[in-house]
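What follows is a single structure, written as structure tokens, with notes after it.
Side chains included, hydrogens not; waters and symmetry mates left out as well; all remaining heavy atoms used. Since the model is a prediction, treat every value here as computed from it, not as a measurement.
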Amino acid sequence: MESNFVDYVKIYCRSGKGGRGSMHLRHVKYNPNGGPDGGDGGKGGSIILRGNHNYWTLLHLKYERHIFAEHGGNGGKDKCHGTDGKDVYIDVPCGTVVYDAETGKYVCDVTYDGQEIVLLKGGRGGLGNFQFRTATNQAPRFAQPGEPMQEMTIILELKLLADVGLVGFPNAGKSTLLSSLSNARPKIANYPFTTMEPSLGIVGYRDQKSFVMADIPGIIEGASEGKGLGLRFLRHIERNSLLLFMVPGDTDDIKREYEILLNELRQFNPEMLDKHRVLAITKCDLLDDELIDMLRETLPDDLPCVFISAVANKGLDELKDVLWRELNAESNKLTAVMAEDTLVHRDKDMTRFAEELADEGEDEDIEYIDDDEIEDIDELEDYEYEEDE
């Protein structure tokens, strides 16, 4: 069954061209020398991105392969102004990043509800010959054409907004922890890669405080080379303030597994290593106190470590205390402010861009032309600034 979680779409967008101005001389009974009265052309419609908190995926845009704005109307006689083309609004979930599909360059970022960004501006309408009348040229026989349209093929990429991101190997207990701390109900089963799509949950804390936790599919060693599910879901924790690494307590070498996860993040985006990190040793209901004390001596010294069991509800309050303390640490807030511009403005790596398109089922070569395109071109070529009938 196809998932309803869509976080990656490719769309061809085109704004409207401006309408041409009219070249018309007024000839009516009793006023044979009425002079110029050609009206201005209308403005073309723009393509505008708008943040909408009612959406949490890009599913509604999955089959919107082309988005066109209206062209501006042409000016007419009697100084009639051409109609303005309607703007087209593209509603996207908060956290959507836009890239140019041709170059991979970062274009813009929609981060909050109601935010509007003009992606492609509509062309201005041309001026009619009425606007060019002067004392020395009282009957101008020329007018302006409208400005051309703008077009771009874009990649919309969703990066979930959350405070804490869960990082771990398959079956590390990430989904179980999320279901224990929040009302989220991700799929839980005793086999690898149970989680096939990211999940969000709101974790309640003391005094009616809360924070958002994001669970992504498990990663394995070599994920940066495409093994397992690869690294395509790691973008969902790029914005997180804190990373919670999860390693099962029955692992042979906890520190080595942590370093493998850290290395995969480094391969994906080295800037993610600047985030605050917490290590959770899961499934500790299988361990006795003596073994836990022995394991503490082998754990990394550069980050807080907590022993938990989501099934036995053990250590969860301590984990929430540690997460809350790290989230509100002054150094964490400063790091988030300094990294805000660098993370979201990073261009896409074009060496792996074709593979991403193939993984997402997007066609890299699409012919983007609509039925009236040829008529528009012919209309411009045949147009001469002659006197309107």
Side-chain angles (χ1 to χ4, degrees), residues 11-52 64-92 98 100 107-108 110 114-154 367-389:
I11 303 176
Y12 169 74
C13 299
R14 188 197 69 187
S15 64
K17 65 181 180 182
R20 64 174 182 262
S22 172
M23 203 303 296
H24 186 267
L25 298 175
R26 184 174 178 82
H27 291 292
V28 294
K29 191 176 182 181
Y30 307 120
N31 191 6
N33 299 318
D37 70 341
D40 302 339
K43 173 185 175 295
S46 300
I47 303 291
I48 303 175
L49 292 175
R50 179 169 58 190
N52 190 332
E64 288 282 349
R65 310 293 288 184
H66 308 82
I67 296 181
F68 298 151
E70 286 186 354
H71 297 313
N74 298 327
K77 60 183 181 180
D78 294 331
K79 292 175 281 190
C80 289
H81 194 287
T83 56
D84 292 337
K86 292 183 180 179
D87 296 333
V88 174
Y89 287 86
I90 305 176
D91 287 329
V92 295
V98 183
D100 188 334
V107 177
C108 63
V110 181
Q115 180 183 7
E116 294 185 2
I117 299 176
V118 178
L119 182 64
L120 297 176
K121 189 176 181 180
R124 291 182 300 178
L127 299 177
N129 66 336
F130 177 76
Q131 303 287 359
F132 295 101
R133 70 197 190 285
T134 63
T136 57
N137 186 9
Q138 298 184 5
R141 295 178 178 271
F142 57 88
Q144 281 184 336
E147 284 187 344
M149 56 195 175
Q150 298 180 4
E151 54 186 353
M152 180 189 297
T153 303
I154 61 173
E367 186 69 24
Y368 298 116
I369 188 166
D370 58 331
D371 295 334
D372 63 346
E373 197 73 18
I374 299 176
E375 297 177 5
D376 295 339
I377 296 173
D378 293 339
E379 193 177 23
L380 287 174
E381 291 178 348
D382 297 338
Y383 177 70
E384 296 179 1
Y385 296 117
E386 297 178 350
E387 198 173 308
D388 293 350
E389 295 297 332

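- Taking CG from D91 and CZ from R50, the interatomic distance works out to 4.0 Å, rounded to the nearest 0.5 Å.
- E147 has a carboxylate O that lies under 4.0 Å from a charged side-chain N of R124, or vice versa, which qualifies the two as a salt bridge.
- In summary, of the residues considered (L119, I90, L120, I154), a side chain to side chain contact (heavy atoms under 4.5 Å, CB included) with I67 occurs for I90 alone.
- If you take SG on C13 and CZ on F68, they are separated by 9.0 Å, rounding to the nearest 0.5 Å.
- Of the inter-residue distances, the one linking Y89 atom OH with I47 atom CD1 reads 11.0 Å to the nearest 0.5 angstrom.
- The backbone N or O of K121 sits less than 3.5 Å from a side-chain atom of S15, completing a donor-acceptor pair.
- In this structure, the side-chain contact (heavy atoms from CB on, under 4.5 Å) partners of T134, at least two apart in sequence or on a different chain, are T136, N137.
- Under the 6.0 Å distance and 45° angle rule, R14 does not count as a cation-pi partner of Y12.
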Anything under 3.5 Å between a donor and an acceptor, one on a side chain of residues 78-85, the other on a protein residue two or more places apart or in another chain? List them.
residue	atom	partner	partner atom	Å
D78	OD1	R26	NH1	2.7
D84	OD1	K43	N	2.8

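- A pairwise comparison of heavy atoms in G21 and A143 identifies O-CB, 3.7 Å as the closest pair.
- Here the rule is side chain to side chain contact (heavy atoms under 4.5 Å, CB included) with V98, and of V92, L49, I117 only L49 fits it.
- Annotation: the span from F142 atom CZ to Q144 atom CD amounts to 9.0 Å, rounded to 0.5 Å.
- A distance of 8.0 Å separates CD in Q115 from SG in C108, rounded to the nearest 0.5 Å.
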